[in-house]
Amino acid sequence: MNFSSYILGCGSYLPKKIIKNNELPKKLKTSDEWIKTRTGIRQRHIADKKQFNSDLGFEAAQKAIKNSQISISNIDLIIVATSTPDHTFPSTATKIQGKLGIKKGFAFDIQAACSGFIYALSVADNYIVNNQAKNALVIGSEVFSRILDWNDRSTCVLFGDGAGAIVLGKNKKKNSGIISTELYSDGRHYDLLYVNGGVATNQKAGYVKMKGKEVFKHAVQKLVSCIEISLKKNNLKKNDIDWIVPHQANKRIMDMTAVKLGVSKDKVLATVDKYANTSSASIPLTLDYAVKKKIIKRGDIVVFEAIGGGLTWGCSIMKY
Ligand code: ACO
């Protein structure tokens, strides 16, 4: 293998409506203080009833393509990571392909809950390095507000809606671009974080259910171990990491992962305060935020990491 894939550009989209912690329904008997202290969340964006997942993903995709400075006609693979698709089938990816007017290549969805973007990135990277695709559009897009029980304060305060996208291209340089992706799952923990509905169970979309404390414990331990394994495999040291772009589940998980890893918390990029947990959209949303703010620059060593329902988890190391 004498080439790798790399991120040509990124983009994101957030619905206009913002709900601050103190604007949440009174019946939840929650408080800004409780949510901020436990999670770091101050507000979340919520999609309009008329907005579908594909609308959010389409907006993010358009910006990513523009920022990549490639012609839309050069995209031959579209992968959407999502747990909140427009329809049971066809895929949201094909819907976005149609909206973008792309007539070639292939498009499909990936579902790995909050780890979805890392899974999608890994798949796209493999297609590119194996010469089966030239330029991949990888989107994380979610409307979690549609699968939240707005009477359950232990879950509904944690999530938001949004979409982020990247365009992945082929890089001739060695040891540049995506250096490594590591994926894991352990289905024994299926019931720690799940949605209590589905086509084959009750024909309903269902609501998010979570054993928060247990997810927390698994998250820190599994993310640290995954990153350590990946660094070792690639002869990299913790000090080589310039930035960590974590899945934005919760500020305390992000900080504790950095502490246990031995990486400064200053290197952990957070948008959870503004966007809450947007599941598979949270990594590309945070990446786009950091690139726009010129925090992440070309040549930086960046680590993406995520854990979610399944349990699924993984990380990706790249030279941006
Ligand atoms: N507002 C006020 N009180 C609340 C709220 C709320 N929104 N939610 C729960 N409480 C109450 C509970 O009823 C309970 O009250 P009680 O002691 O009278 O019974 C008390 O707060 C403690 O409840 P716990 O569930 O034990 O709260 P905990 O301290 O564990 O914090 C949290 C909950 C923030 C979810 C925590 O478990 C956590 O950080 N978990 C990690 C999982 C996570 O972040 N998941 C995000 C999605 S998963 C993912 O993306 C990987």
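Numbering of ligands and ligand atoms starts at 1, following listing order. All residue numbers in this chain count up from 1 along the given sequence. This is a predicted model, so every value here is computed, not measured.
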Protein heavy-atom partner closest to atom 33 (C) of ligand 1 - residue, atom, separation in Å: Trp34 CH2, 3.8 Å

Atom of Asn277, atom of Cys114 and distance for their closest heavy-atom approach: OD1-SG, 4.3 Å

Option with minimal heavy-atom separation from atom 28 (P) of ligand 1, where the choices are Arg153, Glu214, Lys251, Lys213: Lys213

Counterpart residues, side chain to side chain contact (heavy atoms under 4.5 Å, CB included), relative to Tyr320 (two or more places apart): Ile7, Cys10, Leu287, Val291, Ile296, Arg298, Val302

Any N or O of Asn277 closer than 3.5 Å to N or O of ligand 1: yes

Taking atom 43 (C) of ligand 1 as the reference point, the nearest protein heavy atom with its distance: Met210 SD, 4.0 Å

Residue and atom name of the nearest protein heavy atom (relative to atom 39 (O) of ligand 1), distance in Å to one decimal: Asn250 ND2, 2.5 Å

4.0 Å protein heavy-atom contact status of atom 8 (N) of ligand 1, strictly under: yes

Derivation of the side-chain hydrogen bond (donor to acceptor under 3.5 Å, both in side chains) call for Asn74 and Lys134: CA-CA 8 Å; Asn74 288 328; Lys134 286 195 176 72; over 6 Å; no

Residues Asp55, Lys99: salt bridge by 4.0 Å N-O rule: yes

Contact (N/O only, under 3.5 Å) between Val157 and ligand 1: no

Proximity flag Ala219 to ligand 1, non-hydrogen atoms under 4.0 Å: no

Interfacing atoms of ligand 1 (cut-off 4.0 Å, heavy-atom, Phe159): 47 (C)

Residue and atom name of the nearest protein heavy atom (relative to atom 51 (C) of ligand 1), distance in Å to one decimal: Ile307 O, 3.1 Å

Contact check, side chains of Ile75 and Ile70, non-hydrogen atoms, under 4.5 Å: yes

Salt bridge Arg188-Asp186, side-chain N to carboxylate O under 4.0 Å: yes

Any protein heavy atom < 4.0 Å from atom 14 (C) of ligand 1: no

Min heavy-atom dist His247 to ligand 1 below 4.0 Å: yes

Arg38 N/O under 3.5 Å from ligand 1 N/O: yes

Side chains of Leu231 and Lys237 in contact at under 4.5 Å (non-hydrogen atoms): no

Worked verdict on Asp125 versus Ser5 for side-chain hydrogen bond (donor to acceptor under 3.5 Å, both in side chains): CA-CA 6 Å; Asp125 174 51; Ser5 75; 2.7 Å; yes

Distance flag for atom 23 (O) of ligand 1, protein heavy atom under 4.0 Å: no

Residue, atom name and distance, where the atom is the protein heavy atom closest to atom 36 (C) of ligand 1: Arg252 NH2, 3.9 Å

Whether Tyr275 and Tyr289 hold their rings parallel, tilted or perpendicular, with breakpoints at 30° and 60°: perpendicular

Nearest neighbour in protein (non-hydrogen) for atom 37 (O) of ligand 1: Gly212 C, 3.2 Å

Per-atom contact, atom 19 (O) of ligand 1, protein heavy atoms, under 4.0 angstrom: no

Side chain, backbone, both or neither: Leu193 near ligand 1, heavy atoms under 4.0 Å: side chain

Salt-bridge contact Lys211-Asp191 (side-chain N to carboxylate O under 4.0 Å): yes

Residues Phe144, Tyr207; criterion ring pair (Phe, Tyr, Trp, His ring centres under 6.0 Å); working and verdict: CA-CA 9 Å; Phe144 253 59; Tyr207 296 119; over 10 Å; no

Heavy atom of the protein closest to atom 1 (N) of ligand 1 (residue, atom name, distance): Thr30 OG1, 2.7 Å

Residues Asp86 and Lys95 bridged, charged N to O under 4.0 Å: yes

